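Working notes for the structure below.
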There are 2 protein chains.
Amino acid sequence: MLAQHFSTKERILGAAEDLFARHGFAGASLRQVTAAANVNLAAVNYHFGSKENLIEEVFRRRLDELNARRLAALAAANADGQADLEQVLAAFIRPALELSLDKNGGSAFVRVLARAYAEHNARLRRFLSDNYGHVLKEFANAFARLLPHLGKEELYWRLDIVSGALTYAMADFGVIKRKSGVSEQTHRERAAEHLIRFAAAGLRAP
Amino acid sequence: MLAQHFSTKERILGAAEDLFARHGFAGASLRQVTAAANVNLAAVNYHFGSKENLIEEVFRRRLDELNARRLAALAAANADGQADLEQVLAAFIRPALELSLDKNGGSAFVRVLARAYAEHNARLRRFLSDNYGHVLKEFANAFARLLPHLGKEELYWRLDIVSGALTYAMADFGVIKRKSGVSEQTHRERAAEHLIRFAAAGLRAP
DNA sequence: GTATGATTCAAACGAACGTTTGATGCCGCT
DNA sequence: AGCGGCATCAAACGTTCGTTTGAATCATAC
């Protein structure tokens with residue numbers, strides 16, 4: 001399945017990402033994963049220790065970069081004076097879009113991320129909040145500065161709605177189907193544009 | 001677990017709904033379900049034929065009523081003259097809210113519904129589109145009349161975002177935690193209010 | 001009261017699961 | 001050449017999975 005010039009660990013991570021996206025964490029077996037990765041069944045427990053650890057590594061591999069990109073984009077937006085709402089939204093949304101366009105399984109990962117929300121699994125939520133928490137805080141602060149008329153609770157509600165819409169849209173759960181003449185890249189870029197416009201108006205609501 | 005005065009079928013459906021919400025379709029076993037329902041393991045295959053059929057029945061039981069309520073609310077909103085955007089949004093969102101407040105597992109079901117989106121399972125998607133399709137069409141028409149400045153494609157994108165945000169918010173995936181002084185009912189009603197305000201502004205965006 | 005059909009039951013089916021084992025291959029070292 | 005360690009391998013571990021079976025139990029009708 002995956003090219004031979006990737007290491008065993010990388011091939012497992014890639015195959016796991018793809019199969020977790022398609023069948024869920026419980027629904028994808030290590031036998032399916034190792035078969036798709038063209039490695040021995042025992043390799044998962046040798047390199048990762050357990051299936052649970054493998055799941056966490058699938059997240060860590062992508063989230064580290066996603067978080068870094070989001071913070072960098074936010075810093076860049078703030079660098080030239082006060083950023084406007086659309087710029088901050090873009091700093092949050094565009095890195096997720098770019099990730100979803102990554103050649104090596106990025107589009108699978110955004111769907112895995114959406115599944116993580118559906119799993120109320122305590123260990124996974126804790127892991128994600130440890131890796132995500134400070135990023136969300138930074139963005140909440142940026143939004144609070146731009147929307148001073150909103151109370152703190154009101155703001156949190158709206159940001160929650162935004163991340164829900166983002167998760168759902170990037171994971172392609174909706175009914176909108178990509179038209180045959182439109183490339184996957186263009187399709188997702190349009191999704192991001194619509195999302196930013198919609199979210200900006202929603203956040204500005206009185 | 002479930003009260004004894006419910007029939008075997010109903011007890012299975014209730015327990016399945018709860019466990020599917022908590023562990024997913026693959027993650028919840030029929031042994032867990034039948035133990036929680038206090039029925040024999042073989043009862044699932046006797047009454048439903050298979051696990052897949054049981055999953056579909058879990059959906060059918062709730063969706064029939066959810067769809068009927070949404071259409072009734074839409075008709076009522078249109079009855080007294082032209083409904084405004086908030087009324088049509090409420091006709092879509094409030095029935096989902098009421099369902100989530102249902103004493104007998106409604107809040108579990110909205111989470112099951114969110115899982116259904118994450119599963120790209122072809123059979124399940126087909127089943128849902130068969131049972132959901134005409135309702136979404138009706139609402140799309142109502143929104144189109146209220147937002148004539150939006151092109152058809154633009155409108156569909158935005159409705160997709162709205163249903164994503166709704167699914168996510170009702171399933172309680174976000175970081176917003178219910179405050180200790182606030183009842184579950186109040187918490188969800190506030191979520192619906194925020195959602196309607198946010199979505200109305202987003203849909204009206206130029 | 002007994003025959004009939006629907007339901008429930010304990011037990012078992014083969015298949016698939018995550019994990020472990022111990023042997024074998026491979027590579028850089030002295 | 002021989003050693004030491006990582007890495008890979010086929011095979012097996014015990015457990016759990018969805019499903020099936022055939023007997024026991026229940027309710028209803030005559």
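Predicted model, so just to flag it, every value in this text is computed and none were measured. Order of the sequence lines sets the chain letters (A, B, ...), proteins ahead of strands, with each chain counted from 1.
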Distance, rounded to the nearest Å, where [X] contributes [atom1] and [N] contributes [atom2]:
X: A:F48; N: D:dA7; atom1: CZ; atom2: P; result: 12 Å
X: B:L19; N: D:dT16; atom1: CG; atom2: P; result: 16 Å
X: A:H47; N: D:dA7; atom1: NE2; atom2: P; result: 6 Å
X: A:N40; N: D:dA10; atom1: CG; atom2: P; result: 6 Å
X: B:K9; N: C:dA6; atom1: NZ; atom2: P; result: 13 Å
X: B:K51; N: D:dC17; atom1: NZ; atom2: C1'; result: 8 Å
X: B:I12; N: D:dG18; atom1: CD1; atom2: C1'; result: 14 Å
X: A:Y46; N: D:dA7; atom1: OH; atom2: P; result: 4 Å

Exercise for the section: Look at the side chain of B:S50 and decide which nucleotide, out of D:dT19, D:dA10, D:dA12, has an atom nearest to it. Expected result: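 Closest nucleotide among those given: D:dT19.
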Handout entry: Toward the 5' end of DNA chain D, by each residue's nearest nucleotide, A:A43 or A:R31
Key =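 That would be A:A43.
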Handout entry: Any A:L203 side-chain heavy atom under 4.5 Å of A:L146 side chain
Key =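 A side-chain contact is absent here, since even the closest heavy-atom pair is not under 4.5 Å.
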Exercise for the section: Look at the side-chain N and O atoms of B:T8 and state whether any lies under 4.0 Å from the OP1 or OP2 oxygen of C:dT7. Expected result: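 Answer no for this pair, as no side-chain N or O of B:T8 is under 4.0 Å from OP1 or OP2.
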Handout entry: Any B:S29 side-chain nitrogen or oxygen under 4.0 Å from OP1 or OP2 of D:dC17
Key =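 Yes, within the criterion.
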Practice task
Answer yes or no: is there an ion pair linking B:E57 with B:R60, defined by an N-O contact shorter than 4.0 Å?
Solution key: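 Judged by the 4.0 Å cut-off on N to carboxylate O distance, B:E57 and B:R60 do form a salt bridge.
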Exercise for the section: Could you tell me if the ring centre of B:F92 sits under 6.0 Å from that of B:F139? Expected result: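 Distance test on ring centres: under 6.0 Å, yes.
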Exercise for the section: Tell me, with the steps shown, if B:R126 and B:D130 meet side-chain contact (heavy atoms from CB on, under 4.5 Å). Expected result: CA-CA 6 Å; B:R126 194 190 146 74; B:D130 287 353; 4.0 Å; yes
